[in-house]
Amino acid sequence: MKKVEAIIRPEKVTVVKDALADAGFVGLNVVSVTGRGAQKGVVHTGRSGQHVVIDMLAKAKVELVVRDEDTEQVCQVIIDTARTGEIGDGKIFISTVEDVIRVRTGERGESAI
Amino acid sequence: MKKVEAIIRPEKVTVVKDALADAGFVGLNVVSVTGRGAQKGVVHTGRSGQHVVIDMLAKAKVELVVRDEDTEQVCQVIIDTARTGEIGDGKIFISTVEDVIRVRTGERGESAI
Amino acid sequence: MKKVEAIIRPEKVTVVKDALADAGFVGLNVVSVTGRGAQKGVVHTGRSGQHVVIDMLAKAKVELVVRDEDTEQVCQVIIDTARTGEIGDGKIFISTVEDVIRVRTGERGESAI
Amino acid sequence: MDTGNTAWLLVCSALVLLMTPGLGLFYGGLARAKNAAATIMHSFMTIGIVGVVWVLWGYSLAFGPDVGGFIGDLSLFGLAGVTSPEDQIFMVFQGMFAIITPALVTGAFAERMKFSAFVIFIVLWVTIVYTPVAHWVWAEGGWLLELGALDFAGGTVVHINSGVAALAAAIIFGRRLGYDREPMEPHNVPMVVLGAALLWFGWFGFNAGSALAADATAVNAFVVTNTAACAGVLGWVAMSWIFGKPSVIGAASGAVAGLVAITPAAGFVGAMPAILIGLVAGVLCFIAPMLLGKLKVDDSLAVWGVHGIGGTWGALATGLFVGVGYGALAEGVDRMTQVMYQLIGIGVTWVWAFVMTAIILFAIKATIGLRVSDAEEQTGLDISQHDEPAYRFTQ
Amino acid sequence: MDTGNTAWLLVCSALVLLMTPGLGLFYGGLARAKNAAATIMHSFMTIGIVGVVWVLWGYSLAFGPDVGGFIGDLSLFGLAGVTSPEDQIFMVFQGMFAIITPALVTGAFAERMKFSAFVIFIVLWVTIVYTPVAHWVWAEGGWLLELGALDFAGGTVVHINSGVAALAAAIIFGRRLGYDREPMEPHNVPMVVLGAALLWFGWFGFNAGSALAADATAVNAFVVTNTAACAGVLGWVAMSWIFGKPSVIGAASGAVAGLVAITPAAGFVGAMPAILIGLVAGVLCFIAPMLLGKLKVDDSLAVWGVHGIGGTWGALATGLFVGVGYGALAEGVDRMTQVMYQLIGIGVTWVWAFVMTAIILFAIKATIGLRVSDAEEQTGLDISQHDEPAYRFTQ
Amino acid sequence: MDTGNTAWLLVCSALVLLMTPGLGLFYGGLARAKNAAATIMHSFMTIGIVGVVWVLWGYSLAFGPDVGGFIGDLSLFGLAGVTSPEDQIFMVFQGMFAIITPALVTGAFAERMKFSAFVIFIVLWVTIVYTPVAHWVWAEGGWLLELGALDFAGGTVVHINSGVAALAAAIIFGRRLGYDREPMEPHNVPMVVLGAALLWFGWFGFNAGSALAADATAVNAFVVTNTAACAGVLGWVAMSWIFGKPSVIGAASGAVAGLVAITPAAGFVGAMPAILIGLVAGVLCFIAPMLLGKLKVDDSLAVWGVHGIGGTWGALATGLFVGVGYGALAEGVDRMTQVMYQLIGIGVTWVWAFVMTAIILFAIKATIGLRVSDAEEQTGLDISQHDEPAYRFTQ
Ligand SMILES: Nc1ncnc2c1ncn2[C@@H]1O[C@H](COP(=O)(O)OP(=O)(O)O)[C@@H](O)[C@H]1O
Ligand SMILES: Nc1ncnc2c1ncn2[C@@H]1O[C@H](COP(=O)(O)OP(=O)(O)O)[C@@H](O)[C@H]1O
Ligand SMILES: Nc1ncnc2c1ncn2[C@@H]1O[C@H](COP(=O)(O)OP(=O)(O)O)[C@@H](O)[C@H]1O
């Protein structure tokens with residue numbers, strides 16, 4: 001099984017999660033993170049006059065574990081819904097998960113996803 | 001070494017972390033997440049009258065890195081303490097960690113856990 | 001590619017992220033977590049008189065995905081900047097990431113980092 | 001001038017001023033976190049705008065020499081001739097009412113209005129919609145006053161006026177993105193309760209101050225105001241309990257509902273009717289927003305339900321209970337006639353507020369537009385309109 | 001009726017009303033986030049319940065025609081005959097005291113009480129426990145008044161009464177789950193300070209208003225109230241510094257401690273004794289909860305420590321310092337006798353509050369039960385009792 | 001003593017007391033989350049410290065029998081002889097001004113001052129810097145009063161004094177770690193607005209109360225205070241809009257700027273000049289901090305920009321507009337002379353506040369030190385100084 005971690009714009013979470021549900025991927029988690037990337041951040045003028053570059057921006061990390069064969073589709077759904085074309089759209093990281101356990105039943109493996 | 005990520009009910013964090021400590025697994029992290037799963041969420045009536053299905057529920061993710069041979073035991077402890085039998089109990093994900101470094105000492109590998 | 005997850009003291013985030021940027025590692029995420037480890041936590045006296053051991057302390061998790069060959073350097077930068085020598089400095093976990101996708105462009109692999 | 005009355009009216013004016021930031025917190029807490037600052041800004045900015053508009057032309061239009069019973073003239077522009085302490089106190093006290101009324105309306109289009117459009121709306125609304133109604137009801141020669149309709153502290157002028165304007169706004173703005181799909185729950189319950197508490201506290205100035213003296217009427221108004229608010233809490237909490245669990249937001253909202261309903265009656269009824277008025281208000285104002293929800297009209301913060309319906313009930317109840325426990329029917333006016341007068345006042349205000357507000361909003365919509373873009377709405381108004389997230393806990 | 005006094009007492013009544021939501025924020029901030037809304041609800045709901053109970057039968061029981069020096073009769077039920085402005089003001093002012101007293105008790109069982117049980121408790125407690133003590137101390141014919149015990153603004157009636165009731169409650173409820181194992185730290189320090197600030201602000205009405213006129217006594221009460229509060233801040237902060245670091249929560253709590261202690265003395269002492277009374281209160285009220293903690297009694301928000309002990313110290317200090325800087329011992333009463341009277345008042349109130357509260361709580365425990373289930377307690381009362389998390393920052 | 005005036009002044013004193021916690025919330029919300037509690041503590045602790053200092057020696061130094069027009073003697077130590085209600089009211093009302101002035105200064109060194117140093121600073125500053133200026137301007141025989149400089153409610157004593165002291169502090173403390181590198185944005189916008197609202201509310205007591213009676217001057221002061229505050233909102237928001245987006249923090253700050261500027265003029269000008277004074281204040285106080293920022297001076301919460309510059313503008317404007325719409329130039333004083341007097345008052349206060357504050361700070365720096373360690377600053381003052389994080393949402 002694969003774990004798909006997508007770092008996206010916070011305002012995109014709703015569309016992404018709904019699209020995933022429609023595509024049959026219900027289970028997932030969202031964590032709020034602050035991220036830094038090519039998108040170098042915006043310059044702010046504080047009330048006390050100083051100018052600062054805010055390089056850490058609020059992002060959301062959508063995490064879900066899926067069957068190997070579903071990985072591509074999941075990524076595609078995320079890309080389609082999270083992309084704006086502007087710098088700051090984010091990244092998707094894919095890694096291997098060896099086992100999944102459903103706490104409620106103790107089931108293991110794919111059936112537990 | 002393995003990384004055990006358990007998504008559980010927030011109100012279960014205390015019992016789980018205490019049980020883990022008693023079993024000798026002290027080191028761990030907890031992150032608050034919002035999760036969606038088979039547990040389809042509850043219907044709310046907003047103050048302004050609209051009805052909505054809240055599909056994202058507050059969950060807690062307990063993360064810890066353990067020696068390969070301890071993985072089973074750790075999962076068992078979590079299952080025993082986090083299970084309610086109701087939908088929404090959560091999942092445990094197990095993946096491989098190649099190396100661990102203790103920042104303070106620079107030690108590596110299992111001894112750093 | 002490798003994913004480097006460093007659990008560090010919250011007050012160290014700024015120095016660490018700046019040092020990483022200077023070393024050429026711009027992209028990263030920070031998540032706030034509460035962690036428990038050898039550092040057994042502090043004893044507090046609540047206003048209503050009870051004494052409690054607070055074992056969960058606020059920590060920050062810095063996550064970044066890097067090219068395999070950069071892993072060592074990244075870890076070194078983190079250790080150099082995050083270490084205080086006191087218990088509670090935290091840990092670094094290294095694991096494998098199979099693929100990375102840049103949402104904006106759809107690029108994959110190292111070029112997407 | 002009597003020092004006791006002066007002290008009293010100045011304090012009451014300060015109390016009513018405090019209500020508007022209180023309202024901002026009440027509304028801000030009901031909004032989602034990404035719109036919290038912008039929602040509070042609506043109330044706070046309204047103070048700034050109307051505070052200046054009022055001294056320039058607002059007061060003159062509302063309370064200047066009567067023109068056909070309909071509106072005042074502009075002879076008091078810039079407070080020309082408003083020099084006696086008596087006039088100045090009345091002016092500033094009334095100004096606080098002019099400030100909170102448009103602020104109440106803002107709850108209807110919270111979480112989706114463009115800030116520039118908001119500024120224009122406030123200036124137009126207080127000038128075109130508010131000042132005439134204030135004139136009709138409270139100014140010498142105002143036709144509703146002449147007619148004999150009773151409104152002690154602003155049930156029609158403030159609450160029906162803003163509540164019905166809110167209904168028009170909710171319809172014209174359309175629903176928020178994700179309405180009926182995403183949760184849009186209050187983001188900060190303590191803030192809602194704090195706001196309600198400041199409203200309650202300020203309402204003593206609003207109602208008891210409307211006696212315009214520290215006299216027996218002020219005392220009675222004070223007592224019934226507090227009693228109705230308490231009853232409103234019980235009414236709404238009971239309803240929320242019947243439909244689910246006893247709601248904290250409901251307790252706060254119920255207090256406001258009770259306060260709204262007692263407003264027009266505060267100088268005309270005693271404590272026992274006040275309990276009834278408050279209880280019924282708590283129940284009605286709980287039901288009304290649900291019905292509106294069924295029609296899929298998105299009155300974001302239930303302004304119509306609480307102020308429109310609560311104000312209407314209060315204006316009607318004033319006719320039904322005037323003289324019970326306090327006050328009396330006017331010479332030679334029987335209760336039926338009084339109720340009739342009340343219904344006329346209610347009806348006229350409903351029509352006026354709805355039509356005029358609609359005209360203003362359509363005008364703005366046709367020119368600079370009312371709503372932010374979808375992307376801006378999804379991002380939240382705090383960032384998109386003000387570049388200031390309400391909270392930065394991790395920094 | 002004098003307009004100055006009317007204005008003053010109406011304002012003071014409004015100030016005291018504001019204290020209860022202020023208390024809600026104070027308590028709510030001290031609670032954990034998962035119980036914040038529910039804790040605030042305890043205070044806010046108490047306003048609604050007692051506000052209605054008071055006008056129906058509470059006022060009559062407390063201040064109706066005396067029955068054997070022990071309680072009033074029911075002849076003023078529904079405010080029958082309470083028509084003169086003087087009576088109405090006194091009624092509503094006293095009503096605010098009746099509202100905050102049971103609200104103070106709620107801090108003892110915060111984070112674990114079942115809401116339905118809470119509602120019943122408040123109705124019973126204010127009726128059975130509060131009204132008699134109010135009668136003894138303040139009503140014509142009340143036996144403690146006759147005896148000569150001094151309580152200017154409610155040291156016994158409000159603070160000892162609620163503080164000792166809190167002790168009984170803490171014992172009967174038992175500890176919160178995880179007490180002594182999990183941290184149960186205040187979740188929102190700014191909210192605690194805001195609550196304390198509103199309490200301080202309202203306390204001017206509470207103490208200075210108890211002069212029942214805008215006179216020299218009111219002025220003195222105002223001065224000593226502020227002075228004692230400041231001294232209380234210094235006392236508690238100093239203690240917290242000695243035992244660790246200077247505490248912000250401690251500054252807020254110290255202010256409350258000082259205000260509690262000066263309450264019975266406000267009309268009888270000058271500013272210098274006020275400093276002493278406040279300082280000592282800050283120290284005692286810091287120590288008391290720690291001692292109770294040693295006994296493993298879980299008085300969640302330290303109500304007994306602050307109001308029970310602070311109120312007791314204040315009542316005693318009133319006897320010790322009456323006449324120093326302001327006021328005087330009553331004709332032909334020497335200080336020893338006065339202190340004796342104070343001790344009688346203290347002792348009787350302690351026993352009464354403890355026993356009667358225990359009876360009420362056992363009765364509820366035996367019927368519908370007092371505590372939520374363990375699962376509900378772990379989840380937090382906001383969700384389990386009200387279905388409303390206090391905060392939704394990510395939505 | 002007239003009950004109306006007594007009631008009025010007691011209420012005003014309570015209102016001014018409330019301003020300082022309000023300031024704490026205003027400053028606390030502007031600070032970063034990790035310093036929120038500590039920043040609020042600065043204001044709250046100042047109440048405790050100055051509240052006691054004032055009754056002990058502060059009042060005597062400021063208003064005791066004049067010594068050479070420069071300061072009062074110590075004959076009123078411990079309020080000896082301050083027994084008449086008139087004296088007591090004046091004492092406590094003035095005490096509230098003495099409390100808020102040093103609290104205003106704390107915004108300059110927020111997020112980096114050592115708490116122990118803070119306590120010493122407040123005691124010294126209020127004694128050495130504040131009491132003399134208060135004496136010059138308001139006490140019988142005070143030389144600025146004799147000269148004829150006008151300061152109705154504290155433009156020089158409170159605002160220039162604290163604002164310029166803040167400038168000295170900002171320079172001597174040096175910048176916060178990460179200034180110009182990390183964002184140091186307000187962490188809680190609703191808290192900032194709430195603080196500003198409480199300040200506005202309290203300011204009615206501050207300005208209108210300075211008439212020391214419930215009379216025509218109080219009424220005028222009330223009206224212009226509200227008007228200038230509203231204009232200040234418009235001024236600052238407009239500027240922020242021109243330079244970016246309309247700012248919510250700006251609306252709150254603009255209100256404060258307008259209130260600061262109208263303070264010295266409140267008893268001497270009418271509503272039209274008030275609009276101008278407020279508008280200009282909103283603009284100036286927006287620009288000033290930016291200029292200071294260019295010099296890389298870190299006045300953390302813009303105290304100099306708002307109170308120093310706003311107060312200076314107000315003191316000047318008082319000379320420019322006295323008599324326009326209200327009041328009049330003193331007998332035989334032409335406007336030029338009056339403006340001259342104002343400039344003298346301004347200049348002297350600037351020099352005095354800057355020099356004396358610098359001396360105090362250097363003394364503390366040389367002994368126990370002013371700043372926390374870098375590690376403590378990075379961790380945040382809440383934890384490092386008080387062991388109390390402002391928020392614990394996950395517990
Ligand atoms: N190497 C990385 N490791 C982890 N997260 C990253 C990395 N690079 C970027 N991110 C995350 O992706 C977000 C968007 O990246 P950015 O480079 O700004 O935009 P884009 O992906 O469109 O080039 C960043 O804010 C950060 O949260
Ligand atoms: N495929 C998945 N990937 C990641 N997290 C998941 C996945 N499925 C479920 N979860 C997490 O587990 C939680 C509980 O899952 P759910 O299906 O509701 O209950 P159960 O596991 O008892 O069937 C969800 O709220 C979500 O946080
Ligand atoms: N086995 C583990 N798995 C995950 N996180 C851990 C583990 N052990 C420690 N941590 C994290 O590292 C932090 C510091 O660890 P600790 O043992 O206290 O200090 P040190 O690493 O210096 O010995 C902990 O607070 C926790 O967040």
Side-chain angles (χ1 to χ4, degrees), chain D residues 1-8 10-11 13-15 17-18 20-22 24-25 28-29 36-38 40-41 44-45 47-52 54-56 78-79 82-85 88-89 91-92 95-96 115-116 119 188 191 194 198 214 382 385-395, chain F residues 2-5 7-9 11 15 32-34 182-190 193-194 196-198 200-201 204-205 208 213-216 218-220 222-223 226-227 229-234 237 241 244-249 251-252 254-255 270-272 274-275 278 325-326 391 393:
Chain D
M1 195 177 42
D2 177 79
T3 58
N5 291 334
T6 306
W8 173 238
L10 289 181
V11 172
S13 302
L15 287 170
L17 182 277
L18 186 62
T20 304
L25 294 166
I40 292 172
M41 181 66 162
F44 203 82
M45 193 68 192
I47 304 177
I49 296 171
V50 179
V52 171
W54 188 251
V55 296
L56 288 179
L79 301 187
V82 184
T83 49
S84 78
Q88 280 200 306
I89 289 193
M91 183 281 297
V92 79
M96 302 310 184
F115 188 72
S116 53
V119 171
N188 193 326
M191 190 187 291
L194 169 60
L198 292 179
D382 290 3
Q385 299 301 291
H386 306 292
D387 217 342
E388 286 171 327
Y391 307 100
R392 283 194 188 85
F393 288 123
T394 55
Q395 180 182 258
Chain F
D2 176 79
T3 57
N5 291 334
W8 173 239
L9 287 174
V11 172
L15 287 170
R32 286 167 292 176
K34 65 182 178 180
E182 299 166 34
M184 297 181 172
E185 298 294 302
H187 89 284
N188 194 326
V189 175
V193 176
L194 169 60
L198 293 179
W200 190 328
F201 180 58
F204 288 124
D215 59 10
V219 174
N220 183 81
F222 191 104
V223 170
N226 194 64
T227 307
C230 293
V233 171
L234 302 187
V237 170
W241 209 337
K245 290 182 173 176
S247 164
V248 181
I249 297 288
M272 292 306 111
I275 293 181
Y326 192 79
Y391 307 100
F393 287 122

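The chains referred to below are lettered A, B, ... by the order of the sequence lines, with proteins before strands, and numbering in each begins at 1.
Chain F forms the most heavy-atom pairs under 4.5 Å with one residue out of D:Val119, D:Leu17, D:Val55, and that residue is D:Leu17. The greatest number of non-hydrogen atom pairs below 4.5 Å with chain F, out of D:Ser84, D:Gly22, D:Pro21, D:Ala37, is found for D:Ala37. Between chain D and the residues F:Pro246, F:Gly325, F:Ala216, F:Ala229, the largest count of heavy-atom pairs under 4.5 Å involves F:Pro246. Note: D:Val11 leads D:Leu79, D:Val11, D:Val50 in heavy-atom pairs under 4.5 Å with chain F. In terms of heavy-atom pairs under 4.5 Å with chain F, the best-connected choice from D:Leu18, D:Asp382, D:Asn188 is D:Leu18. With chain D as partner, the option from F:Val189, F:Val233, F:Val248 having the largest number of non-hydrogen pairs under 4.5 angstrom is F:Val248. For the options F:Thr3, F:Asn226, F:Leu9, heavy-atom pairs under 4.5 Å to chain D are most numerous at F:Asn226.
D:Trp8 places no side-chain N or O within 3.5 Å of a backbone atom of F:Trp8 that could act as its donor or acceptor partner. Not a single donor-acceptor pair under 3.5 Å links the side chain of D:Arg392 to the backbone N or O of F:Glu185.
Heavy atoms closer than 4.5 Å to chain F are found in the side chain of D:Leu194, but not in its backbone. At a 4.5 Å heavy-atom cutoff, the contact between F:Asn5 and chain D is made by backbone and side-chain atoms alike. Using a 4.5 Å cut-off between heavy atoms, F:Ala255 contacts chain D through its side chain alone, with no backbone atom that close. There is no contact between D:Thr20 and chain F, counting heavy-atom distances below 4.5 Å. Residue D:Val92 touches chain F through its side chain alone, counting heavy-atom pairs closer than 4.5 Å. With a 4.5 Å cut-off on non-hydrogen atoms, F:Ala251 touches chain D through its backbone and its side chain both. Contact of D:Leu10 with chain F is made through backbone and side chain together, with heavy-atom distances under 4.5 Å. Proximity to chain F (any heavy atom under 4.5 Å) is shown, for D:Ser116, by both the backbone and the side chain. Using a 4.5 Å cut-off between heavy atoms, F:Asp2 contacts chain D through its side chain alone, with no backbone atom that close. Contacts of D:Ile89 with chain F are made by both backbone and side-chain atoms, with heavy-atom separations under 4.5 Å. Interface remark: D:Leu15 contributes backbone and side-chain atoms alike to the contact with chain F (heavy atom separation under 4.5 Å). Contact of D:Ile47 with chain F is made through backbone and side chain together, with heavy-atom distances under 4.5 Å.
In this structure, D:His386 has its ring center closer than 6.0 angstrom to the ring center of D:Phe115.
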* To do: Take F:His187 and D:Phe393, measure what side chain to side chain contact (heavy atoms under 4.5 Å, CB included) needs, and give me the verdict at the end.
  => CA-CA 6 Å; F:His187 89 284; D:Phe393 288 123; 4.1 Å; yes
* What do the steps show when you test D:Gln88 against D:Thr83 for side chain to side chain contact (heavy atoms under 4.5 Å, CB included), and what is the final call? -> CA-CA 6 Å; D:Gln88 280 200 306; D:Thr83 49; 6.0 Å; no
* Would F:Ser247 and D:Glu388 count as a side-chain hydrogen bond (donor to acceptor under 3.5 Å, both in side chains) if you check the C-alpha gap in whole Å, the side-chain angles of each, and the deciding distance to 0.1 Å? -> CA-CA 7 Å; F:Ser247 164; D:Glu388 286 171 327; 2.6 Å; yes
